[in-house]
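All heavy atoms count here, side chains included; hydrogens, waters and symmetry mates do not.
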Amino acid sequence: MSVGLVIVSHSEKLAEGVRELAEQMARDVRISVAGGTDDGGIGTSLEKISAGIAAADSGEGAVLLADLGSAVMTAETALEFLDDEQRARVRLADAPLVEGTVAAAVAAQSGRALAAVVQEAEAAGGIPARAGAPASEGAGAETGTTETGTAGTETAAALDDDDLDPGGEGVHSGSWELINPAGLHARPAAAVAQAMSDLDAEVRINGVDAKSVMMLMTLGLGQGQTLTLTAKGPDAARAVEMMALEVRNGFGEI
């Protein structure tokens, strides 16, 4: 079982669309939708939200994500009607609907606890629209643990340079050219984030936290661009091996 999600929107179609997107990256997570009014119009429904919570919460808790202010208010009202035991494991995230839902879904798919799923959802709200992707010559060759000169855009969520400097003690790294046509888009970004979250290591890809799907997606890495991973910790070497295999296989898309 995992933490479930409830998508609260004024539009039933919008809620269904967000769920469809999230399910591409989190097929084992219960995702309920509470979109529109009871008669199918634009608005929110207390009854739909309550039913969504009941469907999404399997005992591990549920996270609600809402689109606009009145949806937040209705969601808060639904929380007030829960009994004390269930209310303790249901949270309303202060997060953008689409980005927050995707980030929460990936975290839940990885088996993260309720607080961590909420944290991932809310962190998605502070991500810039796009971070610059590195451009380097001679892409495609794998590099050793002392590779230097890799460009990367640092954000507030990026890990410390001193801790994961490619030439630092105990740091493992590798660089590869992306060969799949779509590059590091949503589905492979989610798969990478899930895989790296299972490892006992700090992992960074092109300057951002490799365990955050939203941070990976900001990189906008396309076919022919270079992905550089640096890692430190007991599973650091494993992180490099896993990424090398994924890139060589085109993330299963070629």
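- Taking CG of L221 as the reference point, atom CD1 of I205 lies at 8.5 Å (rounded to 0.5 Å).
- In the hydrophobic cluster analysis, where Ile, Leu, Val, Met, Phe, Trp and Tyr join through side-chain heavy atoms closer than 4.5 angstrom, L14 is grouped apart from V72.
- In terms of heavy-atom proximity, I53 sits nearest to A78 at CD1-CB, 4.3 Å.
- Between the CD1 atom of I49 and the CZ atom of F81 there is a distance of 11.5 Å, given to the nearest 0.5 Å.
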Run the side chain to side chain donor-acceptor pair (under 3.5 Å) test on T230 and S173 for me, step by step, so that the C-alpha distance in whole Å, both residues' side-chain angles and the decisive distance to 0.1 Å come before the verdict.
CA-CA 4 Å; T230 53; S173 68; over 6 Å; no
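- A distance of 7.5 Å separates CD1 in I254 from CG in N249, rounded to the nearest 0.5 Å.
- Atom CG of L227 and atom CG of L178 lie 5.5 Å apart (nearest 0.5 Å).
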V240 and W176: side chain to side chain contact (heavy atoms under 4.5 Å, CB included), yes or no, with the steps?
CA-CA 11 Å; V240 176; W176 310 270; 3.9 Å; yes
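- Remark: the N180 side chain and the Q223 side chain contain no N/O donor-acceptor pair separated by less than 3.5 Å.
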Working for side chain to side chain contact (heavy atoms under 4.5 Å, CB included), residues K48 and V8
CA-CA 9 Å; K48 283 189 174 183; V8 182; over 6 Å; no
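- Contact annotation: the side chain of V102 approaches that of M214 to within less than 4.5 Å [non-hydrogen atoms, C-beta and beyond].
- Looking at R27 and Q24, their side chains come closer than 4.5 Å, going by heavy atoms from C-beta outward.
- A distance-only check finds a donor-acceptor pair linking the side chain of R87 to the backbone of E80 [under 3.5 Å].
- Summarising the geometry of A190 relative to V106, their closest heavy-atom pair is CB-CG2, 3.7 Å, with the distance given to 0.1 Å.
- A side-chain donor-acceptor contact under 3.5 Å links K211 to the backbone of L199.
- You'll find the side chain of E99 reaches within 4.5 Å of the side chain of P96, heavy atoms only.
- Applying the 6.0 Å contact sphere to CZ of R91 captures no more than 12 heavy atoms from other residues, nucleotides or ligands.
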Would R30 and S58 count as a side chain to side chain contact (heavy atoms under 4.5 Å, CB included) here? Give the steps.
CA-CA 8 Å; R30 294 188 181 191; S58 61; 3.7 Å; yes
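- When all heavy atoms are compared, the tightest approach of D67 to S11 is OD2-N, 4.5 Å.
- Tracing side-chain contacts under 4.5 Å through hydrophobic residues (I, L, V, M, F, W, Y), one never reaches L92 starting from I7; they form parts of separate clusters.
- The two residues I42 and T37 come nearest to each other via the heavy atoms O-CG2, 3.7 Å.
- A donor-acceptor pair shorter than 3.5 Å cannot be found between the side chains of N206 and T228.
- Here the NE2 atom belonging to H172 is positioned 9.5 Å from the CD atom belonging to E241, to the nearest 0.5 angstrom.
- Looking at S212 and E120, their side chains come closer than 4.5 Å, going by heavy atoms from C-beta outward.
- With E122 as the fixed residue, the side chain to side chain contact (heavy atoms under 4.5 Å, CB included) test singles out one of V63, D94, L65: D94.
- Contact between A193 and L216 at its shortest, heavy atoms only, is N-CD1, 4.1 Å.
- When only modelled atom types and interatomic distance are considered, E253 and H185 share a side-chain donor-acceptor pair under 3.5 Å.
- Using a 4.5 Å cut-off on side-chain heavy atoms (C-beta onward), R112 and S197 make contact.
- Atom CD of Q119 sits in a sparse spot, with 12 or fewer heavy atoms from other residues, nucleotides or ligands closer than 6.0 Å.
- Remark: R19 engages E16 in a salt bridge, criterion side-chain N to carboxylate O under 4.0 Å.
- Between E202 and D209, every side-chain heavy-atom pair lies at or beyond the 4.5 Å cut-off.
- L21 and M217 fall within the same hydrophobic cluster, where Ile, Leu, Val, Met, Phe, Trp and Tyr residues are linked whenever their side-chain heavy atoms come under 4.5 Å apart, directly or through other members.
- Closest approach of M196 and M242 over heavy atoms only: CE-CB, 4.4 Å.
- Taking 4.5 Å as the limit, some side-chain heavy atom of Q86 sits within range of a side-chain heavy atom of D57.
- Rounding to the nearest 0.5 angstrom, the gap separating the CD atom in Q109 from the CG atom in L5 is 10.5 Å.
- Placement of V98 and V213 within a single hydrophobic cluster is found when ILVMFWY residues are connected by side-chain heavy-atom separations under 4.5 Å, directly or transitively.
- No continuous path of ILVMFWY side-chain contacts below 4.5 Å connects L82 to V117, so the two sit in separate hydrophobic clusters.
- Looking only at side-chain heavy atoms (C-beta outward), V118 and V3 stay at 4.5 Å or farther from each other.
- A salt bridge does not link R89 to E60: none of the charged nitrogens lies less than 4.0 Å from a carboxylate oxygen.
- Donor-acceptor pairing under 3.5 Å is recorded for the side chains of H10 and S70.
- At least one donor-acceptor pair closer than 3.5 Å links the side chain of Q225 to the backbone N or O of G222.
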